[in-house]
Novice: 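Dropping the structure in here first, questions after.
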Amino acid sequence: MNTKSSPSFDKRDLRNAFGSFGTGVTVVTSGCKQTRLVGVTANSFSSVSLEPPIVLWSLGSNSPSLDIFDTTGRFVINILSLQQMDLSKRFSSNVPDKFEGVKFGEGLDDLPVLNDCVATIECKTIQRTVVGDHVLFLGQVEKYSYERKPTLLFCQGNYLQGAACEAS
Ligand SMILES: Cc1cc2nc3c(=O)[nH]c(=O)nc-3n(C[C@H](O)[C@H](O)[C@H](O)COP(=O)(O)O)c2cc1C
């Protein structure tokens, strides 16, 4: 067991510890064709409340996409399927045009909704708070859709194929 005590935290090592928690993978999108489209691979997504329906995610404060998330005041959580690992890699890279060759439709307020995801959740930002080196966004869900197919998973820095599930 690798044990560390504050204040000697190494950022890379702390990220490894946090990364022990397996998650799904989302691309959070915002903006529109007329202004600028943005999309960021994010596994900080979490559901928060059912009534009212609220979700959260966080974005690094230095992100060049931050201003569009702020000015648009809305975002879409696109939950990736097992077949969409290429999208996760694309939207976590710094290619000049992340949307080039990516298939998407337009949702509420013309926001980009990626095709073929396991689920898409369209939200209106209700709270934005700077927390450490990230900006935490809370959004109220206005529309969603989903289908039952395997979800892309990420754990300990690797993409995983969804294993067979046992009912909880
Ligand atoms: C699986 C995975 C999960 C990620 N989760 C987040 C996240 O929750 N928040 C974040 O700011 N960056 C996250 N990143 C890193 C961003 O995707 C990456 O820094 C991206 O370039 C940010 O887009 P931007 O350059 O437009 O800011 C993640 C990357 C990967 C591969």
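Worth knowing before you read on, the calculation uses all heavy atoms, side chains too, and leaves out hydrogens, waters and symmetry mates. Both ligands and their constituent atoms are indexed starting at 1 by order of listing.
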Novice: Which heavy-atom pair separates Ser58 from Ser44 by the least distance, and what is that distance?
Specialist: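 Taking Ser58 first and Ser44 second, the nearest heavy atoms are N-OG, 3.0 Å.
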Novice: For ligand 1, which of its N or O atoms have a protein N or O partner closer than 3.5 Å, and how long is each gap?
Specialist:
{"unit_1": "ligand 1", "atom_1": "5 (N)", "unit_2": "Thr41", "atom_2": "O", "d": "3.4"}
{"unit_1": "ligand 1", "atom_1": "5 (N)", "unit_2": "Asn43", "atom_2": "N", "d": "3.0"}
{"unit_1": "ligand 1", "atom_1": "5 (N)", "unit_2": "Asn43", "atom_2": "OD1", "d": "3.2"}
{"unit_1": "ligand 1", "atom_1": "8 (O)", "unit_2": "Asn43", "atom_2": "N", "d": "3.4"}
{"unit_1": "ligand 1", "atom_1": "8 (O)", "unit_2": "Ser44", "atom_2": "N", "d": "3.2"}
{"unit_1": "ligand 1", "atom_1": "8 (O)", "unit_2": "Ser44", "atom_2": "OG", "d": "2.6"}
{"unit_1": "ligand 1", "atom_1": "9 (N)", "unit_2": "Ser58", "atom_2": "O", "d": "2.9"}
{"unit_1": "ligand 1", "atom_1": "11 (O)", "unit_2": "Gly60", "atom_2": "N", "d": "2.9"}
{"unit_1": "ligand 1", "atom_1": "14 (N)", "unit_2": "Thr41", "atom_2": "O", "d": "3.2"}
{"unit_1": "ligand 1", "atom_1": "17 (O)", "unit_2": "Thr41", "atom_2": "O", "d": "2.8"}
{"unit_1": "ligand 1", "atom_1": "21 (O)", "unit_2": "Ser92", "atom_2": "O", "d": "3.4"}
{"unit_1": "ligand 1", "atom_1": "23 (O)", "unit_2": "Lys98", "atom_2": "NZ", "d": "3.0"}
{"unit_1": "ligand 1", "atom_1": "26 (O)", "unit_2": "Ser65", "atom_2": "OG", "d": "2.5"}
{"unit_1": "ligand 1", "atom_1": "26 (O)", "unit_2": "Lys98", "atom_2": "NZ", "d": "3.3"}
{"unit_1": "ligand 1", "atom_1": "27 (O)", "unit_2": "Ser63", "atom_2": "OG", "d": "2.5"}

Novice: For Glu100, check side-chain contact (heavy atoms from CB on, under 4.5 Å) against everything at least two apart and list the hits.
Specialist: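 Testing Glu100 for side-chain contact (heavy atoms from CB on, under 4.5 Å), a comparison that skips the adjacent residues, returns Arg90, Asp97.
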Novice: Would Asp109 and Lys124 count as a salt bridge (charged side-chain N to carboxylate O under 4.0 Å, His left out) if you check the C-alpha gap in whole Å, the side-chain angles of each, and the deciding distance to 0.1 Å?
Specialist: CA-CA 10 Å; Asp109 237 4; Lys124 190 178 174 64; over 6 Å; no
Novice: Assign the ring pair Phe99 / Phe104 to parallel, tilted or perpendicular, where the plane angle (0 to 90°) is split at 30° and 60°.
Specialist: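 Judged by the thresholds at 30° and 60°, the geometry between Phe99 and Phe104 is perpendicular.
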Novice: Under 3.5 Å, is there a donor-acceptor pair between the Asp116 and Ser81 side chains?
Specialist: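 No, Ser81 and Asp116 have no side-chain donor paired with an acceptor closer than 3.5 Å.
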Novice: What about the rings of Phe45 and Trp57, do their centers lie closer together than 6.0 Å?
Specialist: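 Phe45 vs Trp57: aromatic centres not under 6.0 Å.
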